[in-house]
Amino acid sequence: MNESKDFLRTIVEEDLHAGKYSEVVTRFPPEPNGFPHIGHAKSIAINFGIARDYKGHCNLRMDDTNPTTEDTRYVEALKDAVEWLGFQWEGNVRYTSDYFPELYQYAIELVKMGKAYVDSLTEEEIREYRGTVTEAGRRSKYSERSVEENLDLLERMKNGEFKDGEHVLRAKIDMSAANMKMRDPLLYRIRHAHHYRTGDAWNIYPMYDYGHCLSDYLEGVTHSICTLEFENNRDIYDWVLDTLGLTSPRPYQHEFARLGINYTVMSKRKLLELVNEGYVNGWDDPRMSTIAGLRRRGYTPESILNFCHQIGIAKANSMVDVAQLEFCIRDDLNTKVPRVMCVLDPLKVTIENYEGSEELDASYYPEDVPKEGNRKLPFSREIYIEREDFSENPPSGFYRLTPEQPVRLKHAYIITCKEVIKDASGNITEIIATYHPDSKSGSDTSGIKVKSAIQWVEASTAKTVEVRLYDRLYTCEAPEGVEDLNPDSLKIIKNALVEPALITEKPDVRFQFERQGYFYADPIDYTDEAPVFNRIVGLKDSWNKKNKADESTAKLERKAPEKKVQIDGEVAPMSEAEQACYAKYTNEFKLNSEVSNILARDEKLAVFFEAALSVHNSPITIANIVANEVARELKEKDASELKFTAAQIAELVKMIDDEIISNKIAKQVFEEMAQSGENPSKIVEAQGLVQISDPAVIVPIIDDVMAKNPDNVEKYKAGNTKLFGFFVGQVLKATGGKANPQVVNDLVAQKLQ
RNA sequence: UGGGGUAUAGGCAAAUGGUAUGCCAACAGUUUUUGGUACUGUAGAUUGUAGGUUCGAGUCCUACUACCCCAUCCA
């Protein structure tokens with residue numbers, strides 16, 4: 001498979017390469033207020049995975065700063081999930097609550113620096129004062145309190161002298177910040193609540209934004225990886241660490257998109273609702289997206305990890321198809337688990353020409369699974385087959401048993417249907433068949449061709465088991481609430497029949513029930529007397545799918561692909577000055593309208609352009625470079641921060657005009673110049689970047705490239721003209737970009753004719 | 001309405017300015033005592049839109065559009 005790096009690993013590698021950190025330290029920091037779900041698995045895979053890949057380590061930290069929601073049982077569930085997935089955290093489990101003393105000391109420091117104050121506004125007032133997304137907020141009058149008063153108040157808050165909500169500690173940042181999170185964020189609130197670990201020792205608790213960054217710092221975390229919704233919180237993260245002037249190296253926050261899977265829900269609130277309202281049987285219900293649920297369903301850690309790997313990591317909000325998860329578990333189990341036979345909906349078959357009984361040898365694994373193991377299969381004249389494996393009036397393409405079509409009993413004999421017995425209402429109750437003695441599996445000399453081999457169980461020795469058939473919890477891809485629940489997400493079959501070896505030998509806990517799917521002996525409800533199996537996932541079923549497709553195409557007309565209509569927005573009008581500028585550029589300098597537009601609307605660029613123009617009169621080329629390259633540099637920097645001058649741009653353009661360098665090289669030189677501030681001519685001279693236009697030099701290189709890529713030459717001549725760029729690219733690469741692209745183009749065109 | 005993000009096939013992701021690639025899903029074929037697996041192949045994309053720069057743009061520039069996040073004393 002194509003192993004490409006995700007953006008987080010790219011960042012980590014760059015940091016390591018730059019020597020920013022000697023060792024990478026990550027952390028998985030859940031709040032212990034609920035059961036972890038597969039989204040947590042993604043986070044675990046990322047954090048522990050990165051630590052492992054770069055030989056660093058990963059901490060497990062309970063972010064337990066809210067005493068009213070947290071509990072030890074969740075801590076256990078979280079630890080359990082990490083271990084089950086096969087990861088080991090560094091040292092002991094960490095708790096933000098262990099850092100409360102340090103956190104408090106840092107708060108005192110912030111107060112002393114005048115960077116934090118005790119605010120005594122009510123909750124409502126605080127919200128009101130914060131302003132809105134478009135209007136600036138205003139600062140509380142309490143922000144003017146002296147350091148001494150703040151210190152005193154803070155200590156008394158800690159000592160429990162005030163009621164909940166009477167005061168809070170806030171950072172003094174900027175009440176008019178465009179980022180709402182920076183409008184004097186709360187650092188501490190008063191909570192007279194019992195904390196599951198610190199008990200009643202504290203009356204104040206740190207807020208996430210304050211506690212998280214410092215906990216990361218205290219643990220020596222280097223890369224603090226979290227989900228996208230914390231992007232706005234990054235500013236506070238940086239502010240706290242920078243304001244406290246903590247010695248580097250310090251951690252930096254990076255965000256990735258949280259996992260979404262269709263036909264399920266992932267939010268804590270919705271999962272809780274399912275459990276509390278009894279729509280499912282607890283947090284570990286096999287239909288739940290919780291790790292406990294997936295685990296009880298029968299998913300393996302390997303399959304989940306592989307899923308996390310397959311879906312990748314990026315910053316785009318996305319919804320992964322549950323089929324990808326299902327593929328992962330099938331893929332994992334296919335090579336691992338024994339095949340056994342189970343009949344879910346039994347139909348009795350009496351083989352009238354068979355007398356007595358025998359035991360047949362049967363391998364647990366098909367030939368393409370490199371595993372050993374086999375069991376005995378009892379056989380007699382009375383057996384059961386799957387009801388849907390017989391059809392009196394078969395649809396076309398039906399491979400199984402019909403009155404005309406024989407079928408093989410897997411691992412046993414071929415049978416032919418002789419008679420169909422029905423009850424009063426016409427339901428089939430039994431089939432009378434004959435077997436072909438010379439068709440025994442492994443020593444078949446009958447010469448009968450069958451289209452299919454079906455599963456069966458012997459009547460007198462079969463064991464009755466309960467099978468729970470799980471399906472998607474919701475009927476729609478993006479479920480909103482309980483109204484979207486799938487009423488058939490669980491079907492319980494009480495009287496399924498399995499071959500005896502499955503119960504007596506117990507070759508595994510996971511099985512493939514031949515032709516049905518993968519099943520798992522339920523770890524809670526299973527007993528030898530009353531075995532229970534959960535369906536993890538069905539097998540791919542192209543027969544079933546084909547039937548469904550035939551039905552649906554009959555009803556549904558193909559929907560015409562809807563083309564999205566793109567609405568053009570209004571472009572802000574130009575000011576008068578800008579219009580004048582635009583007119584001058586288009587008329588006097590003959591710049592194209594787009595470039596003139598960019599320059600005219602951006603004063604910094606216009607100034608830069610005219611300054612360069614006064615040195616070297618080549619308006620079009622200068623304008624292009626200013627509107628593209630310089631614009632990029634000026635995007636995040638101020639004009640005064642630029643390392644190069646307008647005069648240097650002019651110099652660069654002169655070299656282009658004099659055909660000393662090509663446009664391509666000019667871009668390279670520009671990059672260099674933006675980095676170092678060196679003169680362009682010096683850069684060209686030092687690196688020998690003068691362009692090569694001599695065909696005598698270029699032709700041999702083209703020949704070489706063509707000789708090395710005969711297949712591409714072939715493809716090109718066959719009509720794949722897109723490969724033209726490939727050849728030009730290769731030639732330019734061979735010359736370090738110095739070949740004159742125009743000349744190369746002409747020559748390549750000639751050569752490829 | 002301000003700020004911060006994101007946009008590549010039905011889904012998810014890759015792609016030093018130089019052949020748009022991989023997995024899932026779909027479809028077809030070969031093998032098969034699982035309508036499974038494996039293998040082979042097919043189809044599917046003017047890289048959100050419109051322009052610009054360049055010999056060459058998914059990638060650089062400009063504008064626009066759509067979606068997500070932010071106004072909890074939650075995390």
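Labels below follow one simple rule: chain letters A, B, ... track the order of the sequence lines, proteins then strands, and each chain is numbered from 1.
The ring pair (Phe, Tyr, Trp, His ring centres under 6.0 Å) check on A:F256 picks up nothing, with sequence neighbours excluded. Take A:H411 and apply the ring pair (Phe, Tyr, Trp, His ring centres under 6.0 Å) test, not counting sequence neighbours, and it matches no residue. With sequence neighbours left out, A:L272 forms a side chain to side chain contact (heavy atoms under 4.5 Å, CB included) with A:N276, A:W283. Qualifying ring pair (Phe, Tyr, Trp, His ring centres under 6.0 Å) partners for A:Y74, counting only residues two or more places apart in sequence or in other chains: A:F35. Taking A:L752 as the reference, A:M706, A:V713, A:Y716, A:F724, A:F727, A:V748 meet the side chain to side chain contact (heavy atoms under 4.5 Å, CB included) condition, with sequence neighbours excluded. The ring pair (Phe, Tyr, Trp, His ring centres under 6.0 Å) check on A:F608 picks up A:F644, with sequence neighbours excluded.
Within 4.0 Å (heavy atoms only), A:I414 reaches no atom of the nucleic acid at all. Contacts of A:L723 with the nucleic acid, taken as non-hydrogen atoms under 4.0 Å apart, include base atoms.
Residues in residues 728-742 of chain A take part in no salt bridge (Lys or Arg N to Asp or Glu O under 4.0 Å) pair, two or more places apart or across chains.
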Donor-acceptor pairs under 3.5 angstrom involving side-chain atoms of residues 176-192 of chain A: please list them, not counting sequence neighbours.
from: A:S176; atom 1: OG; to: A:D174; atom 2: OD1; distance (Å): 2.9
from: A:N179; atom 1: OD1; to: A:K181; atom 2: N; distance (Å): 3.0
from: A:N179; atom 1: ND2; to: A:N232; atom 2: O; distance (Å): 3.0
from: A:N179; atom 1: ND2; to: A:D235; atom 2: OD2; distance (Å): 3.0
from: A:R183; atom 1: NE; to: A:R130; atom 2: O; distance (Å): 3.0
from: A:R183; atom 1: NE; to: A:M175; atom 2: O; distance (Å): 3.3
from: A:R183; atom 1: NH1; to: A:A177; atom 2: O; distance (Å): 2.5
from: A:R183; atom 1: NH2; to: A:R130; atom 2: O; distance (Å): 3.2
from: A:R183; atom 1: NH2; to: A:T132; atom 2: O; distance (Å): 2.6
from: A:R183; atom 1: NH2; to: A:E135; atom 2: O; distance (Å): 2.6
from: A:D184; atom 1: OD1; to: A:R139; atom 2: NH2; distance (Å): 3.0
from: A:D184; atom 1: OD1; to: A:I173; atom 2: N; distance (Å): 2.7
from: A:D184; atom 1: OD1; to: A:D174; atom 2: N; distance (Å): 3.3
from: A:D184; atom 1: OD2; to: A:Y117; atom 2: OH; distance (Å): 2.6
from: A:D184; atom 1: OD2; to: A:R139; atom 2: NE; distance (Å): 2.9
from: A:D184; atom 1: OD2; to: A:R139; atom 2: NH2; distance (Å): 3.4
from: A:Y188; atom 1: OH; to: A:Y104; atom 2: N; distance (Å): 3.3
from: A:R189; atom 1: NH1; to: A:T65; atom 2: O; distance (Å): 3.4
from: A:R189; atom 1: NH1; to: A:Y205; atom 2: O; distance (Å): 3.4
from: A:R189; atom 1: NH1; to: A:P206; atom 2: O; distance (Å): 2.7
from: A:R191; atom 1: NH1; to: A:N66; atom 2: OD1; distance (Å): 3.0
from: A:H192; atom 1: ND1; to: A:N203; atom 2: OD1; distance (Å): 3.3
from: A:H192; atom 1: NE2; to: A:F162; atom 2: O; distance (Å): 2.6

What pairs of donor and acceptor atoms, side-chain ones from residues 313-321 of chain A against any protein atom, are under 3.5 angstrom apart with sequence neighbours left out?
from: A:D321; atom 1: OD1; to: A:A323; atom 2: N; distance (Å): 3.0

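Across all strands shown, B:C64 forms a Watson-Crick or G-U wobble pair with B:G48, both key distances being under 3.5 Å. The partner of B:U59, taking Watson-Crick or G-U wobble pairs whose two distances both stay under 3.5 Å, does not exist in any strand shown. Nucleotide B:U33: unpaired (no Watson-Crick or G-U wobble partner with both distances less than 3.5 Å). Applying the Watson-Crick and G-U wobble criteria (two distances, each under 3.5 Å), B:U8 pairs with nothing in any strand.
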Letter by letter from the 5' end, nucleotides 38-44 of chain B scores (B base, S sugar-phosphate only, - none; protein heavy atoms under 4.0 Å) -------
Readout for nucleotides 69-75 of chain B: B = base within 4.0 Å of protein heavy atom, S = sugar-phosphate only, - = neither; 5' to 3' it is BSBSBSB
Review item, nucleotides 47-50 of chain B N/O atoms under 3.5 Å of protein N/O:
from: B:G48; atom 1: O2'; to: A:Q566; atom 2: NE2; distance (Å): 3.4
from: B:G48; atom 1: N2; to: A:Q566; atom 2: OE1; distance (Å): 2.9
from: B:U49; atom 1: O4'; to: A:Q566; atom 2: NE2; distance (Å): 3.3

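Counting only N and O atoms by type, the side chains of A:Q310 and A:N306 include a donor and acceptor under 3.5 Å apart.
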